[in-house]
Amino acid sequence: GEIFGEMATITHSPRSATATAKSTCRVIALDGSQFQKAIQQTPTFALMLMSIMIDRLRLTLARLTMQKALPDNVVTEERRVFDESTLDEIIAKLGNPALLRYNRGKSILKIGEAGVLMYLPREGRVTITADGRTLEHVGVGGVFGEMALVTRAPRAANAVAETDCALIAVNRTQLRQLVQSNPAFGLSLLKLVAQRLQAVTNRASK
């Protein structure tokens with residue numbers, strides 16, 4: 001009922017760990033094309049995988065924080081998940097809602113809050129921080145706030161408007177609908193979470 005080896009399959013990168021059978025076992029193996037087909041046939045599979053990887057990411061961040069070893073700028077470059085046309089398509093599928101606007105320096109998310117929305121910047125840039133460290137900068141085409149939305153756990157980081165910005169807000173029901181109507185949307189989010197997990201894991205191993 002569990003899964004392993006998915007990160008390299010999603011990000012098309014080399015394996016970062018070794019898996020060894022500790023007892024006689026049977027596994028279901030999926031190559032890249034089979035994995036994508038599984039997502040397309042059962043879009044909620046992407047949300048399940050995201051939940052698993054987010055839990056791993058939270059555990060790694062918590063361990064680094066306890067050890068006072070959380071590095072600054074865990075993700076050193078902006079990860080653009082969606083292009084302009086995809087953002088416009090998402091807005092249309094959401095019924096063309098008004099964008100949420102925040103002035104520079106305004107708090108958007110705080111650690112410990114309930115995660116009821118995730119955000120996609122349409123204008124401007126946002127800084128993600130935790131334990132006094134900058135974890136990531138999220139600009140147009142990026143995503144933030146998805147961790148708490150998917151797992152329904154409290155926020156694990158703060159988000160502050162680095163510049164004046166306008167955001168697309170997505171709730172859990174809308175997220176599920178977007179994944180079901182467009183599996184590529186789910187795959188893009190899945191890849192983003194996998195890349196964040198890889199970045200934190202790589203920093204933790206140094």
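- Taken together through direct or relayed side-chain contacts under 4.5 Å among Ile, Leu, Val, Met, Phe, Trp and Tyr, Leu87 and Val179 form part of one hydrophobic cluster.
- Of the possible polar contacts, one joining the Arg80 side chain to the Val140 backbone as a donor-acceptor pair under 3.5 Å is found.
- Closest approach of Ala8 and Ser13 over heavy atoms only: CB-O, 3.2 Å.
- Rounded to the nearest 0.5 angstrom, Leu57 CG and Met50 CE are separated by 13.0 Å.
- Residue Lys93 qualifies as enclosed at atom NZ: its count of foreign heavy atoms under 6.0 Å is above 12.
- There is a path of hydrophobic side-chain contacts, each under 4.5 Å, that joins Leu47 to Ile3.
- Proximity of Thr129 to Leu135: side-chain heavy atoms (C-beta onward) are nowhere separated by under 4.5 Å.
- Of the possible polar contacts, one joining the Arg155 side chain to the Gly145 backbone as a donor-acceptor pair under 3.5 Å is found.
- Between Thr163 and Gly124, the shortest heavy-atom distance links the atoms OG1-CA, 3.3 Å.
- The structure places CG of Asn182 at 8.0 Å from OG of Ser188, a figure rounded to the nearest 0.5 Å.
- In this structure the side chain of Val138 reaches within 4.5 angstrom of the side chain of Glu136, judged on heavy atoms.
- The backbone N or O of Ala38 sits nowhere less than 3.5 Å from a side-chain atom of Gln41 that would complete a donor-acceptor pair.
- The ring pair (Phe, Tyr, Trp, His ring centres under 6.0 Å) analysis of residues 166-200, with sequence neighbours excluded, yields the pairs Phe82-Phe185.
- Pairing each heavy atom of Ile128 with each of Ala157, the nearest pair is CG2-CB, 3.7 Å.
- The structure places CD of Glu89 at 8.0 Å from OG of Ser181, a figure rounded to the nearest 0.5 Å.
- Separation of atoms CG (Leu120) and CG (Leu167) is listed at 8.5 Å; rounding is to 0.5 Å.
- Counting heavy atoms from C-beta outward, Leu49 and Val193 have side chains that stay 4.5 Å or more apart.
- Listed by chain and residue number, nothing satisfies the salt bridge (Lys or Arg N to Asp or Glu O under 4.0 Å) test with Arg58 (two or more places apart in sequence, or in another chain).
- A distance of 8.5 Å separates CG of Leu117 from CG of Leu109, quoted to the nearest 0.5 Å.
- To the nearest 0.5 Å, atoms CG (Leu100) and CD1 (Ile168) are separated by 10.0 Å.
- The shortest side-chain heavy-atom distance between Asn171 and Val116 does not fall under the 4.5 Å cut-off.
- Sparse packing is recorded around CZ of Arg152, with 12 or fewer heavy atoms of other residues, nucleotides or ligands lying under 6.0 Å away.
- The shortest distance between side-chain heavy atoms of Val170 and Tyr119 does not fall below 4.5 Å.
- With 3.5 Å as the limit, one finds no donor-acceptor pair spanning the side chains of Asp88 and Ser85.
- For the side-chain hydrogen bond (donor to acceptor under 3.5 Å, both in side chains) condition, the pairs that include at least one residue of residues 97-114, sequence neighbours left out, are Arg101-Glu123.
- Shortest non-hydrogen contact noted between Leu30 and Gln34 is CA-OE1, 3.4 Å.
- Under a hydrophobic-cluster definition in which Ile, Leu, Val, Met, Phe, Trp and Tyr are linked whenever side-chain heavy atoms come within less than 4.5 Å, directly or via other members, Ile54 and Ile111 are assigned to different clusters.
- Between Arg172 and Glu146 there is no salt bridge, since no side-chain N of the basic residue sits under 4.0 Å from a carboxylate O of the acidic one.
- When hydrophobic clusters are built by joining Ile, Leu, Val, Met, Phe, Trp and Tyr residues whose side-chain heavy atoms come closer than 4.5 Å, directly or via intermediates, Ile52 is grouped together with Leu189.
- Met118 and Met48 fall within a single hydrophobic cluster, where Ile, Leu, Val, Met, Phe, Trp and Tyr side chains are chained together by heavy-atom contacts under 4.5 Å.
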